[in-house]
Amino acid sequence: MEGNGGRGAAAAEVRVMVVDDSAVIRGLLSRIIEAESDLRVVASAANGRTALELLRHKDVDVVLLDVEMPEMDGLAALPRMLELRPQLPVIMASSLTSEGAEVTLRALALGAADAIAKPSSLSASRGLASVAVELLAKIRGLGRARLLAPPAPSTLAAAPARAEAGTVGPGSAPALRAPAARADEPVRLVAIASSTGGPNALTRLLGSLGPEFPLPIVIVQHMPPLFTAALAERLQRESGRPCREAVHGEPLQAGVTYVAPGDRHLRLAGSREQPILQLGTDAPVNFCRPAADPTLESAAALYGAGALAVVLTGMGEDGVRGCRSVVARGGRVVAQDAATSVVWGMPGAVVHAGLASAVLPLERIAAHLQQLCAAAV
């Protein structure tokens with residue numbers, strides 16, 4: 001039974017399937033979800049094989065899928081689920097280990113929409129409660145996006161100086177024109193923000209930019225520790241471009257990509273001639289650490305009009321404040337469009353705030369960046 005069954009998206013509950021081989025974990029997760037008035041657990045399973053059978057008969061909006069299970073694990077079940085329900089959002093639940101991080105990235109490459117890291121003590125309800133906020137936000141964001149299922153909006157392909165005015169999403173107000181960037185200042189740094197759907201979007205974007213792209217790139221992807229290290233390794237492997245987790249006090253080098261480590265904010269400091277990376281454990285911003293806003297604000301302060309922000313797919317509004325700083329100092333902001341985003345939350349918020357100088361499908365962003373950065377030295 002595919003689709004939303006004709007339900008009114010505004011009032012409908014998000015229906016969830018929980019798949020985990022531990023009855024204790026299934027029960028704890030189900031109670032966390034069922035405590036929310038707009039969410040409902042409609043099915044649970046102890047392995048992927050049972051989950052597939054249930055999926056044939058149950059109308060489900062989001063699946064929470066454990067990675068390690070007997071009979072059929074999450075990695076084996078995932079592609080079969082997506083074959084059965086091509087647009088079904090699947091959130092992978094993985095252990096917070098290097099092995100778990102690598103498997104999670106494989107699952108994201110296979111089509112999982114997002115992932116959460118299980119707490120180390122799976123038998124402790126307090127440990128699971130620590131991820132409840134993140135889990136509920138992901139279920140809501142992905143479930144509502146599926147229920148709304150908006151038609152793809154027209155892509156706004158703007159000139160480098162500003163975005164075209166016009167409606168950018170269903171029921172939205174016209175996008176404001178972003179202030180013109182300073183044409184006399186070449187781009188010196190690319191700062192990328194992403195969340196849900198980000199690992200695959202980043203892989204495609206960096207792969208299209210190629211190893212010869214001359215500028216330093218800093219990335220803030222909402223992921224926990226260990227996961228960001230695995231992401232950096234994957235990005236280097238797939239793009240052929242040097243890519244690593246940022247290290248506190250490390251000087252920024254041309255042609256290198258730096259990923260903000262999980263649970264650390266990343267900021268740029270020093271001087272424009274000798275920039276360095278700074279990591280901090282100050283309070284989460286927009287419920288995230290790392291968050292995009294601190295990175296973008298520091299990039300704007302250090303590079304001025306030489307900062308270029310790119311906001312890719314993701315839930316929430318992280319990045320809006322930072323992009324406002326970039327624009328205020330004459331820099332540029334590029335946002336991924338709704339049609340190619342897994343969730344058009346972060347880029348949509350930037351567009352609706354009138355900060356985007358271009359709103360593009362993912363496959364066109366690399367060429368646009370290369371054009372903007374052609375004058376860089």
Side-chain angles (χ1 to χ4, degrees), residues 17 19-20 48 51 61-69 72-118 131 134-135 137-139 141-143 145-146 192-208 219-239 243 245 257 259-262 288 290 292 310-316 318 336 340-347 362-363 365:
M17 175 187 286
V19 187
D20 195 293
D61 299 311
V62 178
V63 172
L64 180 59
L65 182 62
D66 189 21
V67 170
E68 299 178 5
M69 296 179 292
M72 181 184 290
D73 64 18
L75 213 57
L78 175 63
R80 301 187 188 188
M81 287 182 170
L82 296 179
E83 182 179 359
L84 190 62
R85 304 277 187 89
Q87 303 302 318
L88 180 67
V90 178
I91 302 172
M92 305 302 296
S94 175
S95 59
L96 191 56
T97 64
S98 297
E99 294 78 9
E102 185 59 40
V103 170
T104 297
L105 287 175
R106 287 171 58 195
L108 293 171
L110 288 172
D114 212 328
I116 62 166
K118 287 184 176 182
V131 301
E134 178 188 9
L135 172 62
K138 290 179 186 295
I139 291 173
L142 291 168
R146 173 176 167 80
I192 304 176
S194 55
S195 186
T196 303
N200 289 340
L202 289 166
T203 300
R204 291 177 59 187
L205 175 56
L206 293 188
S208 296
I219 293 173
V220 177
Q221 164 68 41
H222 296 159
M223 294 185 99
L226 299 179
F227 284 51
T228 47
L231 174 63
E233 292 174 4
R234 176 187 172 191
L235 293 177
Q236 176 166 294
R237 185 169 60 248
E238 297 294 330
S239 70
C243 183
E245 270 195 322
T257 297
V259 177
C288 302
V310 180
V311 183
L312 301 178
T313 174
M315 288 186 287
D318 187 28
Q336 185 176 350
T340 61
S341 295
V342 174
V343 177
W344 205 54
M346 288 166 54
L362 180 61
E363 63 270 16
I365 293 178

> Report yes if the side chains of P199 and M223 come closer than 4.5 Å at any heavy-atom pair, otherwise no.
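In short, these two side chains touch, coming nearer than 4.5 Å.
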
> Please check this pair: side chain of S194 against backbone of Q221, looking for a donor-acceptor N/O pair closer than 3.5 Å.
no

> Between V67 and L75, is the side-chain contact (heavy atoms from CB on, under 4.5 Å) condition met? List the steps.
CA-CA 6 Å; V67 170; L75 213 57; 5.5 Å; no

> Using only atom types and a distance under 3.5 Å, with no angle test, would you say the side chain of T313 pairs donor to acceptor with the backbone of V343?
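Between the backbone of V343 and the side chain of T313 there is a qualifying donor-acceptor contact (under 3.5 Å).
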
> Given side-chain contact (heavy atoms from CB on, under 4.5 Å), test T228 with H222 step by step and report yes or no.
CA-CA 9 Å; T228 47; H222 296 159; over 6 Å; no

> With a 4.5 Å limit on heavy-atom distance, are the side chains of M92 and I116 in contact?
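Result no, sub-4.5 Å side-chain heavy-atom pair not found.
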
> So V342 and M315, do their side chains get closer than 4.5 Å, heavy atoms only?
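No, too far: nothing below the 4.5 Å cut-off.
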
> Let me see the working for S195 and D318 under side-chain contact (heavy atoms from CB on, under 4.5 Å), right down to the final yes or no.
CA-CA 9 Å; S195 186; D318 187 28; over 6 Å; no

> Of the non-hydrogen atoms in A193 and A292, which two are nearest, and what is the gap between them?
CB-CB, 3.5 Å

> Pick from D114, D61, V63: which one makes a side chain to side chain contact (heavy atoms under 4.5 Å, CB included) with L142?
D114

> Could you check if a side-chain atom of E102 sits within less than 4.5 angstrom of a side-chain atom of L231, using non-hydrogen atoms only?
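Result no, sub-4.5 Å side-chain heavy-atom pair not found.
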
> Of all heavy-atom pairs between P290 and A260, which one has the smallest distance, and what is that distance?
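Of all heavy-atom pairs spanning P290 and A260, the closest is CB-CB, 3.8 Å.
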
> Given I219 and L202, is the side-chain contact (heavy atoms from CB on, under 4.5 Å) satisfied, shown in steps?
CA-CA 9 Å; I219 293 173; L202 289 166; 3.8 Å; yes

> Does some side-chain heavy atom of P225 sit less than 4.5 Å from a side-chain heavy atom of P261?
no

> How far apart are the closest heavy atoms of A101 and A230, and which atoms are they?
CB-CB, 3.9 Å

> Show the nearest heavy-atom pair for residues F227 and L105, with the distance to one decimal.
O-CD1, 4.4 Å

> Return yes when atom CD of E68 has more than 12 non-hydrogen atoms of other residues, nucleotides or ligands closer than 6.0 Å, and no otherwise.
no

> For D20, enumerate each residue passing the salt bridge (charged side-chain N to carboxylate O under 4.0 Å, His left out) test, keeping only those at least two apart in sequence or located in another chain.
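K118.
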
> Among all residues two or more places apart in sequence or in another chain, which pass the side-chain hydrogen bond (donor to acceptor under 3.5 Å, both in side chains) test with N200?
R234

> Please give me the minimum heavy-atom distance between A107 and L78, naming the atom from each residue.
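A107 and L78 have their closest heavy atoms at O-CD2, 3.3 Å.
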
> So, for L64 and A93, which heavy atoms are closest and what is the spacing to 0.1 Å?
CD1-CB, 4.3 Å

> Out of curiosity, M81 CE to L110 CG, how far, rounded to the nearest 0.5 Å?
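Nearest 0.5 Å value for the CE-CG distance: 13.0 Å.
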
> Measure the shortest side-chain to side-chain distance between D66 and V19 over non-hydrogen atoms and say whether it is less than 4.5 angstrom.
no

> Which residue, M346, Q336, R204, forms the side chain to side chain contact (heavy atoms under 4.5 Å, CB included) with L312?
Q336

> So, taking the atom named SG in C243 and the one named CG in L235, what distance separates them when rounded to the nearest 0.5 Å?
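C243 atom SG to L235 atom CG measures 4.5 Å (nearest 0.5 Å).
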
